[in-house]
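Notes follow once the structure below has been shown.
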Protein chains: 2
Amino acid sequence: MRPPTIRDVAERAGVSKSLVSLVLRGSQQVRPEKRRAVLAAVEELGYRPNAAARSLSERRTRTVGVLLNDLRNPWFVELLDGLNSELYASGLRTLLADGRLNRRLGEDLTHTFTELRVDGLIAVGTLPDPAAVRTAAARVPTVVAGTREPVLPHVDIVAGDDELGARLATEHLIGLGHRHIAHIAGQGVVGALRRRGFEAVMREHGLSASATVEQGDLTEEGGYRATVRLLGAPHRPTAVFAFNDMAGVGALSAAEELGLRVPGDLALVGYDNTYLARLRHLWLTTVDNAGHDIGRRAARRLLDRIADPARPGEVALTAPVLEVRGTTAPPRSAD
Amino acid sequence: MRPPTIRDVAERAGVSKSLVSLVLRGSQQVRPEKRRAVLAAVEELGYRPNAAARSLSERRTRTVGVLLNDLRNPWFVELLDGLNSELYASGLRTLLADGRLNRRLGEDLTHTFTELRVDGLIAVGTLPDPAAVRTAAARVPTVVAGTREPVLPHVDIVAGDDELGARLATEHLIGLGHRHIAHIAGQGVVGALRRRGFEAVMREHGLSASATVEQGDLTEEGGYRATVRLLGAPHRPTAVFAFNDMAGVGALSAAEELGLRVPGDLALVGYDNTYLARLRHLWLTTVDNAGHDIGRRAARRLLDRIADPARPGEVALTAPVLEVRGTTAPPRSAD
DNA sequence: GCCCTTCTTTGGACCGTTCCAGATCTTTCC
DNA sequence: GGAAAGATCTGGAACGGTCCAAAGAAGGGC
């Protein structure tokens with residue numbers, strides 16, 4: 001009992017398979033009664049076209065491969081959401097590969113996605129294997145979203161302006177009266193950019209001497225550890241700007257454990273405005289990075305690039321917005 | 001400049017395309033020197049088989065469709081992780097459709113997945129449109145994971161034992177000395193099961209009179225609102241068992257806002273043991289629902305069902321485990 | 001009524017694999 | 001040395017669509 005094919009439909013409707021194909025692809029050159037007959041046969045048989053046969057013949061798959069760094073990071077999920085909605089509207093489906101979930105990211109890129117002959121590729125977030133992206137980008141239209149690497153010839157980049165975001169956060173803290181401010185840094189290019197924004201603003205305000213940077217990672221654990229180190233040091237900061245919300249929550253825990261009140265004893269800013277920051281119990285001041293919007297823009301870029309693969313790569317940055325919540329306030333006493 | 005085909009490889013290696021196919025599929029019936037010639041040609045040309053052509057001919061896609069309720073729920077992500085790792089190991093890739101991300105779930109099911117002729121289908125979590133699952137299950141091997149509906153003829157179900165989990169949580173609170181306990185209920189079958197477990201235990205301890213149930217939903221907001229109502233009532237509970245961690249966090253915020261200390265004035269248990277519950281700042285006592293494990297088991301069930309589609313549907317429940325953290329303690333004074 | 005257009009409709013090649021029946025080459029054995 | 005038995009290899013028919021050149025039908029003009 002195989003699923004019906006276009007020939008079955010043709011036979012039932014009393015026409016040729018070519019005509020069925022025409023009707024299904026919406027040709028205007030078909031007489032109404034034939035069209036009706038075909039559509040009725042489709043309905044009666046429950047016919048669904050076979051995507052494999054179609055892509056073999058059309059030489060395209062209407063599928064976009066998405067390489068994601070980590071599905072556990074809520075910000076990426078939001079980006080993915082924007083991506084999906086825009087691509088779906090253009091009749092493209094999305095095939096997801098998570099670099100963390102199944103480790104063999106490079107393998108996935110070169111094997112799965114090229115075997116499937118995806119029409120396009122979106123790399124989301126800092127990926128473990130940039131070389132794999134390079135290889136793939138040479139064969140298929142590619143857009144990098146949510147990070148600024150790798151920079152490659154015909155590849156577009158859509159990301160938040162991390163340096164600006166870091167400036168906003170730092171300016172906010174300084175504006176509140178903080179002088180001794182620490183930054184918990186993240187990894188990769190994104191980490192470097194946010195750090196640079198922080199350091200630049202501190203320098204501009206003549207506060208380089210009281211700026212501290214502690215290396216963390218993208219997790220709560222990393223933020224916690226970094227904060228413990230920061231607060232254990234002799235001259236401790238009155239404010240912390242964390243690389244992302246997860247690290248910010250870690251910092252929150254560390255402060256609490258050491259008996260410091262937030263924001264009274266320690267002001268705290270995160271980054272990404274994930275739903276974590278929005279939890280009433282945390283209510284983290286953070287930088288909104290507009291993940292959904294970045295996803296949509298990345299999708300549009302990819303559509304453009306599929307239409308014209310040869311055009312030069314562009315970098316599009318979106319401006320982040322500071323979201324002030326409950327974890328920032330002026331320092332208790334002048335530093 | 002098209003990608004090379006099996007014919008190009010054959011020509012280069014000086015053999016027939018059939019032999020190339022044999023080599024690539026690992027036949028033992030090929031003389032070593034020919035095998036080497038073929039593999040060398042593959043390497044030189046950078047040949048990658050065309051998945052569409054292969055599935056058309058083999059009449060299977062090596063692809064499993066996954067219907068997910070909500071990617072934003074960390075528990076589902078964990079389940080997905082388990083699913084992926086197991087399926088990947090069996091050479092199946094995963095195509096993800098999120099019911100919340102692109103709303104048209106029913107459409108996706110009947111259109112995208114049937115057009116792609118996926119080899120199997122996994123429905124994760126309570127889905128908005130059970131009828132679509134029913135339709136699809138009639139044509140393709142299907143497994144339901146993480147929930148216990150819909151129950152369908154040849155469909156397996158893999159889920160946590162929600163009633164048992166709720167019992168564990170409730171027993172824990174009673175064991176600590178709580179008498180007046182409230183439950184924030186969730187929706188759907190899962191919600192009903194957890195509620196039933198709670199009510200059964202309360203009844204067994206002769207505490208039905210002091211058991212309260214407040215309807216919430218699966219979000220923080222719902223948990224918050226429900227808790228505000230609970231704590232505003234005349235005879236307020238000393239402990240709350242929330243449907244899931246998100247609702248539990250909402251309850252935490254509500255208690256804090258009303259000036260109650262957790263766990264001193266109010267004990268709190270969540271469900272799912274998501275990373276939220278593990279955040280040091282929240283440190284929620286919760287019920288571990290083993291998402292990763294459920295994902296793996298669902299994958300294995302699907303593999304079995306693909307091998308033998310006609311076998312009767314089975315229900316496999318995994319036993320959850322109570323994870324005691326910082327939000328539960330004995331009540332301050334006997335009730 | 002006939003020829004020329006303009007619409008519609010159709011047969012068949014093609015997309016890149018797999019798989020099967022049979023062809024061809026090697027061995028083995030008497 | 002020849003035949004039978006294996007071991008290898010190959011051509012061609014699927015798989016289920018799209019698309020193009022050409023056939024057939026219908027309408028228009030004289």
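Residue numbers begin at 1 in each chain, while the letters A, B, ... track the order of the sequences.
When distances run from any side-chain atom of B:Arg2 to the nucleotides D:dG17, C:dG16, C:dT17, the shortest one goes to C:dG16. Candidate nucleotides D:dC19, D:dT10, C:dT17 were compared by shortest atom distance to the side chain of A:Ser18, and D:dC19 ranks first. Nearest nucleotide to the side chain of B:Asn50, out of C:dG16, D:dG17, D:dT8: C:dG16. The A:Arg31 side chain lies nearest to D:dA26 when the options are D:dT10, D:dA26, D:dT18. Among the nucleotides D:dG17, C:dT10, C:dG16, the one closest to any side-chain atom of A:Pro49 is D:dG17. Counting only heavy atoms from C-beta on, A:Lys17 has its side chain closest to D:dC19 among D:dC19, C:dT17, D:dC15. When distances run from any side-chain atom of B:Ile6 to the nucleotides D:dG16, C:dT10, C:dT18, the shortest one goes to C:dT18. The side chain of A:Arg54 lies closest to D:dG17 when the candidates are D:dC15, D:dG17, D:dC9. The listed nucleotides are D:dT10, C:dG12, C:dT18; the one nearest the side chain of B:Glu58 is C:dT18.
With rounding to whole Å, A:Leu22 atom CG is found 11 Å from D:dC20 atom P. Between the CD atom of B:Glu115 and the P atom of D:dT18 there is a distance of 10 Å, rounded to whole Å. For B:Gln29 and C:dA21, the CD to C1' distance is 15 Å, given to the nearest whole Å. Rounded to an integer number of Å, the gap from A:Tyr47 OH to D:dG17 C1' is 7 Å. Atom CG of B:Leu56 and atom P of C:dC14 are 17 Å apart (whole Å). Atom-to-atom, CZ of B:Arg7 to C1' of C:dC14 comes out at 10 Å; the value is rounded to the nearest Å. Atom CG in A:Leu19 sits about 20 Å away from atom P in D:dA22, given to the nearest Å. Regarding A:Glu33, its CD atom lies at a distance of 15 Å from the P atom of D:dA25, rounded to whole Å.
At C:dT8, none of the side-chain N or O atoms of A:Arg35 fall inside 4.0 Å of OP1 or OP2 (strictly under the cut-off). Contact annotation: B:Ser21 side-chain N/O to C:dT17 OP1/OP2 distance is not under 4.0 Å. Regarding contacts with the backbone of C:dG16, a side-chain N or O of A:Arg59 is found under 4.0 angstrom from either OP1 or OP2.
Using five terminal pairs a side, the axes of the helix from C:dG1-D:dC30 to C:dC30-D:dG1 at its two ends make an angle of 50°, given in steps of 10 degrees.
In the displayed structure, B:Glu11 atom CD is contacted under 6.0 Å by at most 12 heavy atoms of other residues, nucleotides or ligands. The environment of CZ in A:Arg134 is sparse: at most 12 heavy-atom neighbours from other residues, nucleotides or ligands sit within 6.0 Å. Within a 6.0 Å sphere centred on CD of A:Glu43, heavy atoms belonging to other residues, nucleotides or ligands number 12 at most.
Residue side chain A:Ser16 does not reach the base of C:dG11 through any donor-acceptor N/O pair under 3.5 Å, judged by distance alone. Counting distance only, with no hydrogens placed and no angle test, the side-chain atoms of B:Thr5 and the base atoms of C:dC15 include no donor-acceptor pair under 3.5 Å. Side-chain atoms of B:Ser57 and base atoms of C:dT17 include a donor and an acceptor less than 3.5 Å apart.
Nearer to the 5' terminus of DNA chain D, by closest-nucleotide assignment, is the contact made by B:Gly14 (compared with the other of A:Pro3 and B:Gly14).
In this structure, B:Arg48 contributes its side chain and A:His111 its backbone to no donor-acceptor pair below 3.5 Å. A donor-acceptor contact shorter than 3.5 Å is absent between the side chain of A:Asn289 and the backbone of A:Gly291.
Between A:Pro141 and A:Arg305, the shortest heavy-atom contact is CB-CG, 3.8 Å. Annotation for A:Arg35 and A:Ser27: closest pair NH2-O, 3.2 Å, computed over non-hydrogen atoms.
Between B:Pro150 and the options B:Val189, B:Ile157, B:Val155, B:Val133, a side-chain contact (heavy atoms from CB on, under 4.5 Å) holds for only B:Val133. Checking A:Val118, A:Leu302, A:Val143 one by one against A:Val64, the side-chain contact (heavy atoms from CB on, under 4.5 Å) holds for a single residue, A:Leu302.
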